[in-house]
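Here the structure is laid out as structure tokens; the discussion comes afterwards.
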Amino acid sequence: NNFKILLSPQVTLTEIDGKLVLFSKTSGDFFGLNESALFLLKLVLETDFKSAVHQAAGEYQEPEEVIREDLLALVEDLKKAKVLTTVPCE
């Protein structure tokens, strides 16, 4: 199954002190990401889940299954924090 990832309406990707963070306008919470998590998030926001996995596997020279598991864990964590939503691809 493939899906698109969207930032929740109240969340922005904001630069603070030279680092990109997810900022929730409703709660005022910041969610910092390490460099690889930020790279994966940007990829998946720009494309879709399957494309992001494929591109990241090439970039990191890792098997797609490893990238898929890491990216899925990141997406699930950020969904629980209510900063992301997912929608099915048509």
Side-chain angles (χ1 to χ4, degrees):
N1 293 339
N2 197 17
F3 52 91
K4 290 279 299 167
I5 306 289
L6 305 170
L7 290 178
S8 295
Q10 75 279 8
V11 174
T12 60
L13 196 54
T14 306
E15 186 173 336
I16 297 178
D17 295 331
K19 292 190 175 194
L20 285 173
V21 298
L22 293 166
F23 174 66
S24 172
K25 295 182 240 178
T26 53
S27 68
D29 291 333
F30 291 90
F31 300 89
L33 301 172
N34 66 33
E35 191 175 313
S36 58
L38 185 59
F39 174 79
L40 290 172
L41 178 64
K42 285 172 138 181
L43 261 183
V44 79
L45 286 170
E46 292 168 1
T47 60
D48 57 48
F49 188 81
K50 283 184 179 179
S51 296
V53 167
H54 180 73
Q55 289 178 38
E59 177 72 22
Y60 289 112
Q61 298 181 348
E62 290 283 341
E64 286 192 12
E65 186 59 36
V66 171
I67 299 294
R68 186 177 298 105
E69 289 175 15
D70 289 348
L71 183 54
L72 197 53
L74 174 65
V75 167
E76 289 303 316
D77 287 347
L78 293 175
K79 277 176 66 176
K80 285 179 192 168
K82 298 185 174 154
V83 296
L84 292 182
T85 58
T86 59
V87 293
C89 287
E90 304 211 6

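Note that the structure is a prediction, hence the values are computed from the model and not measured.
Atom OG1 of T14 and atom NZ of K25 lie 8.0 Å apart (nearest 0.5 Å). Separation of atoms OG1 (T86) and CG (L78) is listed at 12.0 Å; rounding is to 0.5 Å. Taking CG from L41 and CZ from F31, the interatomic distance works out to 12.5 Å, rounded to the nearest 0.5 Å. Atom CG of L74 is separated from atom CG of L38 by 9.5 Å, given to the nearest 0.5 angstrom. A distance of 5.5 Å separates CZ of F3 from CG of L72, quoted to the nearest 0.5 Å.
Partners of S24 by side-chain hydrogen bond (donor to acceptor under 3.5 Å, both in side chains), not counting sequence neighbours, listed by chain and number: T26, S27. With sequence neighbours left out, the side-chain hydrogen bond (donor to acceptor under 3.5 Å, both in side chains) criterion links D17 to no other residue. Residues passing the side-chain hydrogen bond (donor to acceptor under 3.5 Å, both in side chains) test with D48, sequence neighbours excluded: N2, S51.
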Just do the side-chain contact (heavy atoms from CB on, under 4.5 Å) check on L20 and K42 with the steps written out, would you?
CA-CA 11 Å; L20 285 173; K42 285 172 138 181; 3.7 Å; yes
Would you check, one step at a time, whether the test side-chain contact (heavy atoms from CB on, under 4.5 Å) holds for L6 with L45?
CA-CA 6 Å; L6 305 170; L45 286 170; 5.5 Å; no
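Residues F49 and V44 approach most closely at CA-CG2, 3.8 Å, considering heavy atoms. Here the closest heavy-atom approach between residue P63 and residue A57 is recorded as C-CB, 4.4 Å. For the pair A52 and L71, the tightest heavy-atom approach, listed with the atom from each and the gap, is CB-CD2, 4.0 Å. The minimum heavy-atom distance linking I67 with A56 is given by the pair CG2-CB, 3.7 Å.
Residue V66 is found outside any hydrophobic cluster, as its side-chain heavy atoms come under 4.5 Å of no other Ile, Leu, Val, Met, Phe, Trp or Tyr. When hydrophobic residues (I, L, V, M, F, W, Y) are linked wherever their side-chain heavy atoms come within less than 4.5 Å, the members clustered with V21 are I16, F23, F30.
Using a 4.5 Å cut-off on side-chain heavy atoms (C-beta onward), L22 and L13 make contact. No side-chain heavy atom of L33 sits under 4.5 Å from any side-chain heavy atom of L40.
The salt bridge (Lys or Arg N to Asp or Glu O under 4.0 Å) contacts involving residues 49-66 comprise E64-R68, E65-R68, where partners must be two or more places apart or lie in separate chains.
Side chain of K4 to main chain of P88: no donor-acceptor pair is present (N/O by atom type, distance under 3.5 Å, no hydrogens or angles).
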